[in-house]
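Here is the structure we will look at.
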Amino acid sequence: MRAIWKLFCILLAGSAHAEESGASFRDDFEVFNRGTWMISDGWSNGDWMNCTWSREAVSIDEGKLGLRLFQSSKGTGTNRCGEIQSHAKYGFGTYEALLRTGAGSGINAAFFTYIGPAHDRPHHEIDVEILLRDTAQVSFNTYVDGVPLNGKSVALPNPSDREFVHVAFEWRPESVVWLINGNEVHRTEEGTKLPTEPQKIYASLWSSSTFTDWMGPFDAKAMPQRMAIEWLAYTRLGEPCQFEASVLCNGK
């Protein structure tokens, strides 16, 4: 009984810790919702990036969010890359997006949650990344207090530069489960450390000349690049399915 009570307290504490959470939503990107999103603009995340976040690299085109990577036309030689991030922080629940990428070595198309030192919080993160050196694969990972855990790459049903792919993860106090086109493809091992910090939602397209072992040599000839996101959604843990395409509606 004492062990059961201890487990209950751990789960309860974890749930409370991650409860700072924005409301459930689905964004179809008919317009850019500035109440939900901000555009990363005017900086890079470190010397390992060979591009600078720019509002010029974010657009709404025909009901899709476009995140682009291109060489600046201002003659600086600096590449421009696109990222959006939520204003609110979100906790346990289901995160999902319908997206399509281009292809090119040294380029990363990412949908993830993150909180860290820039927000005066520990580094916690949940990742979905398609490295455009191989668009037939998708990579998953978590970070807990800055330590990478639970990483795995799996094959996509079809390359992400050929058709849209539905990516999702369900974050619960006891697990993180990743799904592709509604089917579970990876989950955290029982007993592993999990993110507990409320996090912001991000989508980004960026490049690197230094992460060659991971992302491949950067191919400048592959620019310009664009990742299109048809919709992006979050459903709080315990709330019902919001829309027909959601993984919460298919019973898997």
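Nothing here was measured: the structure is a model prediction, and the numbers come from that model. Computed over heavy atoms, backbone and side chain alike; hydrogens, waters and symmetry mates excluded. Positions are given from 1, in the same order as the sequence printed here.
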**OP:** Start with the C-alpha distance between Ser153 and Ser139, add both sets of side-chain angles, then the distance that settles side chain to side chain donor-acceptor pair (under 3.5 Å), and finish with yes or no.
**Re:** CA-CA 4 Å; Ser153 293; Ser139 297; 2.8 Å; yes

**OP:** Show your reasoning for whether side chain to side chain contact (heavy atoms under 4.5 Å, CB included) applies to Trp48 and Met215.
**Re:** CA-CA 11 Å; Trp48 41 270; Met215 293 169 53; over 6 Å; no

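When each of Val167, Ile180, Val165 is tested with Val128 by the rule side-chain contact (heavy atoms from CB on, under 4.5 Å), just one qualifies, namely Val167. When each of Gln199, Lys200, Lys89, His124 is paired with Thr113, the side-chain hydrogen bond (donor to acceptor under 3.5 Å, both in side chains) condition holds for Gln199 and for no other.
Between the His186 side chain and the Asn141 main chain, no donor and acceptor come within less than 3.5 Å of each other. A donor-acceptor contact shorter than 3.5 Å links the side chain of Ser86 to the backbone of Ala88. Remark: side-chain polar atoms of Arg133 are paired, donor with acceptor, to backbone N or O of Trp214 under 3.5 angstrom. With Thr135 contributing its side chain and Pro159 its backbone, the two residues share no donor-acceptor pair below 3.5 Å.
In this structure, Tyr90 and Phe25 have tilted ring planes: the angle between them lies in the 30° to 60° band.
You'll find the ring centres of Phe243 and Trp231 inside the 6.0 Å limit.
Both Leu237 and Phe169 belong to a single network of hydrophobic side chains, linked directly or stepwise wherever heavy atoms of I, L, V, M, F, W or Y lie under 4.5 Å apart. When the side chains of ILVMFWY residues are joined at heavy-atom separations under 4.5 Å, either directly or via intervening members, Ile60 and Leu99 end up in a single hydrophobic cluster.
A donor and an acceptor atom, one from each side chain of Thr142 and Asn150, are located under 3.5 Å apart. In this structure, a donor-acceptor pair under 3.5 Å is absent between the side chains of Asn79 and Trp206.
Considering every non-hydrogen atom in both Ser54 and Asp41, the closest pair reads CA-OD1, 3.4 Å. The heavy-atom pair separating Leu232 from Trp37 by the smallest distance is CD2-CH2, 3.7 Å. Nearest approach of Thr235 to Pro240, heavy atoms of both residues: CG2-O, 3.6 Å. The minimum heavy-atom distance linking Tyr234 with Gln242 is given by the pair O-NE2, 2.8 Å.
Residue pairs meeting the side chain to side chain donor-acceptor pair (under 3.5 Å) criterion with at least one member in residues 95-105, sequence neighbours excluded, are Glu96-His166, Glu96-Ser246, Thr101-Ser160. The ring-ring contact (aromatic ring centres under 6.0 Å, His included) pairs that include a residue from residues 128-147 are His123-Tyr143, Phe140-Trp178, where partners are two or more places apart or lie in different chains.
With sequence neighbours excluded, no residue forms a side chain to side chain donor-acceptor pair (under 3.5 Å) with Glu230.
A salt bridge is defined here as a Lys NZ or Arg NE, NH1 or NH2 lying under 4.0 Å from an Asp or Glu carboxylate O, and Arg226 with Asp61 meets this definition.
Glu189 CD: 12 or fewer foreign heavy atoms inside a 6.0 Å radius. Open room surrounds CZ on Arg162; 12 or fewer heavy atoms of other groups in view lie less than 6.0 Å from it.
The structure places CH2 of Trp171 at 12.0 Å from OG1 of Thr188, a figure rounded to the nearest 0.5 Å. Taken to the nearest 0.5 Å, the SG atom of Cys51 stands 12.0 Å off from the CD atom of Gln225. Tyr202 contributes atom OH, which lies 6.5 Å from atom CD1 of Ile115 (distance to the nearest 0.5 angstrom). Between the CZ atom of Phe111 and the CD1 atom of Ile229 there is a distance of 8.0 Å, given to the nearest 0.5 Å.
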